[in-house]
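Just below is one structure, and these are the notes that go with it.
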Amino acid sequence: MTVSLYNTMTRTIEPFRPIDAPRVSLYTCGPTVYNYAHIGNFRTFTFQDVLRRWLETRGHDVFHVMNLTDVDDKMIKGALAKQVSIGELAVPFIEAFFADRDYLRIQPAHEYPRATDFVAQMIALVADLLSKGVAYIGDDASVYFSIERFPAYGRLSRLDTRELRANASGRVTADEYAKEDARDFVLWKSARPEDEQSGAAWDAPFGRGRPGWHLECSAMALGLLKEKWGRDVLDIHAGAVDLVFPHHEDEIAQSCAHTGQPEFANVWMHGEFLTMSGTKMSKRFGNILTARDLQEEGVDAGAVRLLFATTHYRQALDFTDQALDAAREGSRRLGEFAGRMASTSAEEPGSGPFDELAARLTEDFAAAMDDDLNTPRALAALFDAARDGNRLLDGGESPSKAFRDSWDTAADVVQVLPARTRARVVAATGLAAGTSKAEAHGEDASTTPPSDPVEAEAWALHWAGRRVAAKTAKIFAEADRIRAFLAEHGWEVRDNRDGTASVQRK
RNA sequence: GGCGCCGUAGCCAAGUGGUAAGGCAGAGGUCUGCAAAACCUCCAUCACCGGUUCGACUCCGGUCGGCGCCUCCA
């Protein structure tokens with residue numbers, strides 16, 4: 001079996017054939033760093049993360065580039081509002097983006113080129129397009145790409161089959177267009193005073209100005225790929241659906257006109273939107289939820305990723321509290337099982353039934369993922385394995401190495417387990433490791449938890465130990481009282497089958 | 001106006017021309033001092049109307065409803 005992916009260019013799912021296997025070049029459109037990225041953005045980045053992880057699991061050597069857009073209208077506007085340069089505006093938001101990425105357990109790309117670091121390459125690209133005659137300088141001194149002189153234009157978004165309505169989205173400001181054809185797009189915008197003021201203007205042979213939006217991706221993708229592997233065609237280019245037109249369409253035009261290749265990328269992948277109460281999450285609608293909002297609410301990234309993974313990446317996903325709660329609970333259950341399995345000895349050879357489970361999990365998970373990253377089905381395989389695995393554990397079977405490996409592989413690709421899977425265990429004697437005898441008798445047991453997380457856990461374990469002791473002595477009222485007391489402080493106590501107890505922060 | 005997507009149980013969500021994965025919630029059990037966890041059982045006929053077919057949720061046509069894109073939005 002090989003991985004099959006839906007290609008927006010052909011509108012079909014096709015077997016993925018790298019140009020130079022096992023090498024795979026992956027270019028994904030990153031954030032514009034004028035603000036915090038919202039979870040709609042991160043849904044896309046998470047889908048790309050799953051894509052990359054699965055390709056790597058399948059043995060591909062992935063070279064992943066994600067650009068950071070640090071020069072465009074929004075950057076300039078934001079910089080002017082804060083009286084800083086676009087470069088200064090970008091720094092904190094890039095840092096925030098990386099922090100959010102780490103929170104969501106998205107693997108770092110190999111390269112995060114900033115548009116402003118590639119101005120020289122972009123200028124060279126524009127110069128080349130001018131010399132090739134597919135670009136021209138308009139009346140406003142900006143440089144435009146001529147659609148007319150690039151007949152292949154419009155293949156990705158099927159432009160030939162539709163008619164464009166001028167400014168149908170109402171998003172175009174009153175830009176005067178000094179273009180020969182309404183569909184021509186800008187490669188290089190001549191400098192305006194506000195560009196100069198925010199540090200967004202560069203000298204170029206064809207006039208001082210700044211790059212058009214689409215230009216950076218072509219310049220950086222081609223530049224880095226050439227440097228890395230000497231190639232000028234990408235294996236996969238991915239982004240969200242709103243980039244199909246015009247962004248990716250224009251990238252193709254620029255890039256192919258420059259390289260002379262028939263394709264800029266062999267596979268184009270686009271993720272659907274995340275909506276909030278049914279409408280697209282967008283800064284312009286004000287219905288924004290950021291990753292850090294969730295983090296501050298104490299939502300584990302595993303739950304967020306499970307929520308994302310329950311819907312196929314090409315389907316719209318409506319973000320609701322109820323859906324998030326469901327994902328939290330599911331993630332918790334998977335984590336519970338993983339924790340149970342981890343607490344069994346890995347030394348034991350494991351039982352046959354677990355080997356059968358392993359075979360099924362491996363096969364079902366891979367089949368689902370190979371089928372255009374069908375994460376909902378892949379999760380079903382994971383949940384099946386957890387259920388059946390729990391049943392085997394209940395029956396006293398021990399997990400085999402094959403099963404552990406299969407589980408770890410699957411769990412690693414989707415990353416839907418909670419970060420904290422295991423509750424610490426306190427022994428049946430009622431004494432946690434390191435607990436002194438005096439403490440066990442309660443002389444200096446504090447009734448308020450320490451603020452330090454490590455000490456707090458020791459504190460909770462101490463009380464859990466006292467509860468076990470009370471239970472052993474059949475003083476159930478005391479045992480119940482301690483459990484309620486710990487619950488008040490956010491700790492859950494659980495009795496295990498073997499007479500031990502565990503604590504976990506709620 | 002053009003192009004396109006979607007409508008499956010209380011909620012979320014896969015899926016196949018032959019009678020519907022999985023998750024959450026709910027109900028009833030097993031276990032348990034209690035609780036939790038875990039496991040077991042139960043819980044849909046796939047928006048509506050026509051058509052094609054031996055047979056459609058799955059194919060075709062239409063209706064209704066929701067959503068996206070249409071020049072710098074992930």
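Quick caveat, the model's predicted, so the values are computed rather than measured. Chain letters run A, B, ... following the sequence lines, proteins first and then strands; every chain starts at 1.
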At 4.0 Å (heavy atoms only), tell me whether [X] reaches a base, stays on the sugar-phosphate, or touches nothing.
X      : value
A:D242 : base
A:E249 : nothing
A:N390 : sugar-phosphate
A:L393 : nothing

[X] side chain: which of [options] is closest?
X      : options             : value
A:K74  : B:C73, B:A38, B:C39 : B:C73
A:E336 : B:C73, B:U71, B:A38 : B:A38
A:F273 : B:G33, B:C72, B:C69 : B:C69
A:R332 : B:A38, B:G33, B:C72 : B:A38
A:L243 : B:G33, B:C72, B:A74 : B:A74
A:R391 : B:G33, B:A74, B:C40 : B:C40

Distance check, [atom1] atoms only: [N] and [M], in whole angstrom units.
N     : M     : atom1 : result
B:C69 : B:G62 : C1'   : 25 Å
B:U8  : B:U45 : C1'   : 9 Å
B:A47 : B:G10 : P     : 13 Å
B:A44 : B:C3  : C1'   : 34 Å
B:G55 : B:G22 : P     : 30 Å
B:G26 : B:C12 : C1'   : 15 Å
B:U19 : B:C54 : C1'   : 14 Å
B:C24 : B:U41 : P     : 15 Å

Q.
Between A:D372 and A:R377, does any NZ, NE, NH1 or NH2 come within less than 4.0 Å of an OD or OE carboxylate oxygen?
A. no
(Q) Taking A:R481 first and then A:E478, would you say they form a salt bridge - that is, a charged N and a carboxylate O separated by under 4.0 Å? (A) yes
(Q) For a ring-ring contact (aromatic ring centres under 6.0 Å, His included) check, start with the C-alpha distance between A:W188 and A:Y144, then their side-chain angles and the critical distance, and finish with the verdict. (A) CA-CA 7 Å; A:W188 188 259; A:Y144 295 95; over 10 Å; no
Q. Is the side chain of A:R210 donor-acceptor paired with the backbone N or O of A:A201 at a distance under 3.5 Å, no angle test?
A. no
Q) Does A:T32 use its side chain to pair, donor to acceptor, with the backbone of A:T69 at less than 3.5 Å? A)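 No; judged by distance alone, with no hydrogens or angles, the pair does not exist.
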[X]: partners by salt bridge (charged side-chain N to carboxylate O under 4.0 Å, His left out), with sequence neighbours left out:
X      : value
A:D364 : none
A:D480 : A:R483
A:E363 : none
A:D242 : none

Which base sits across from [N] as a Watson-Crick or G-U pair, both distances under 3.5 Å?
N     : result
B:U19 : none
B:U45 : none
B:C34 : none
B:C69 : B:G2
B:G50 : B:C60
B:C39 : B:G29

Q) Do the rings of A:H247 and A:H214 sit parallel, tilted or perpendicular, given the 30° and 60° boundaries? A) tilted
Atom-to-atom span, [atom1] of [X] to [atom2] of [N] - whole angstrom:
X      : N     : atom1 : atom2 : value
A:L373 : B:A13 : CG    : P     : 18 Å
A:H248 : B:G68 : NE2   : C1'   : 16 Å
A:F485 : B:C34 : CZ    : P     : 24 Å
A:R494 : B:U32 : CZ    : C1'   : 14 Å
A:R158 : B:G68 : CZ    : C1'   : 17 Å
A:E272 : B:C6  : CD    : P     : 9 Å
A:I482 : B:A35 : CD1   : C1'   : 14 Å
A:R101 : B:A74 : CZ    : C1'   : 17 Å

Q: Using side-chain contact (heavy atoms from CB on, under 4.5 Å) as the criterion, list what pairs up with A:S198, not counting sequence neighbours.
A: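 Testing A:S198 for side-chain contact (heavy atoms from CB on, under 4.5 Å), a comparison that skips the adjacent residues, returns A:I76, A:A79, A:L80, A:I86, A:A200.
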Q: For A:Q107, enumerate each residue passing the side-chain contact (heavy atoms from CB on, under 4.5 Å) test, keeping only those at least two apart in sequence or located in another chain.
A: A:D49, A:R52, A:R53, A:E56
Review item, nucleotides 58-60 of chain B N/O atoms under 3.5 Å of protein N/O:
none

Q: Check each residue of residues 30-39 of chain A for a non-hydrogen atom within less than 4.0 Å of any atom in RNA chain B, then write out the ones that pass by number, or none.
A: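 Listed by number, they are A:T32, A:H38.
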(Q) Give me each pair satisfying ring pair (Phe, Tyr, Trp, His ring centres under 6.0 Å) with a member in residues 299-327 of chain A, each pair once, sequence neighbours excluded. (A)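 Matches after skipping sequence neighbours: A:F47-A:Y313.
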**Q.** Side-chain donor/acceptor contact of A:D394 with base of B:C31 under 3.5 Å
**A.** no
(Q) Regarding B:C5, can its base be found pairing with the side chain of A:R314 as donor and acceptor, where the two atoms are less than 3.5 Å apart? (A) no
Q: Apply ring pair (Phe, Tyr, Trp, His ring centres under 6.0 Å) to A:F365 and list each qualifying residue two or more places apart in sequence or on a separate chain.
A: A:W54
**Q.** Under 4.0 angstrom between A:K471 side-chain N/O and B:G33 OP1 or OP2
**A.** no
Q: Using the closest heavy atom to pick a nucleotide of RNA chain B for each, name whichever of A:L307 or A:A479 lands nearer the 5' end.
A: A:L307
**Q.** Under 4.0 Å protein heavy-atom contacts per nucleotide of nucleotides 14-26 of chain B, with B for base, S for backbone only and - for none
**A.** SS-----BSSSS-
Q: Check side chain to side chain donor-acceptor pair (under 3.5 Å) between A:E111 and all other residues, then give those that pass, not counting sequence neighbours.
A: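 A:E111 satisfies side chain to side chain donor-acceptor pair (under 3.5 Å) with no other residue.
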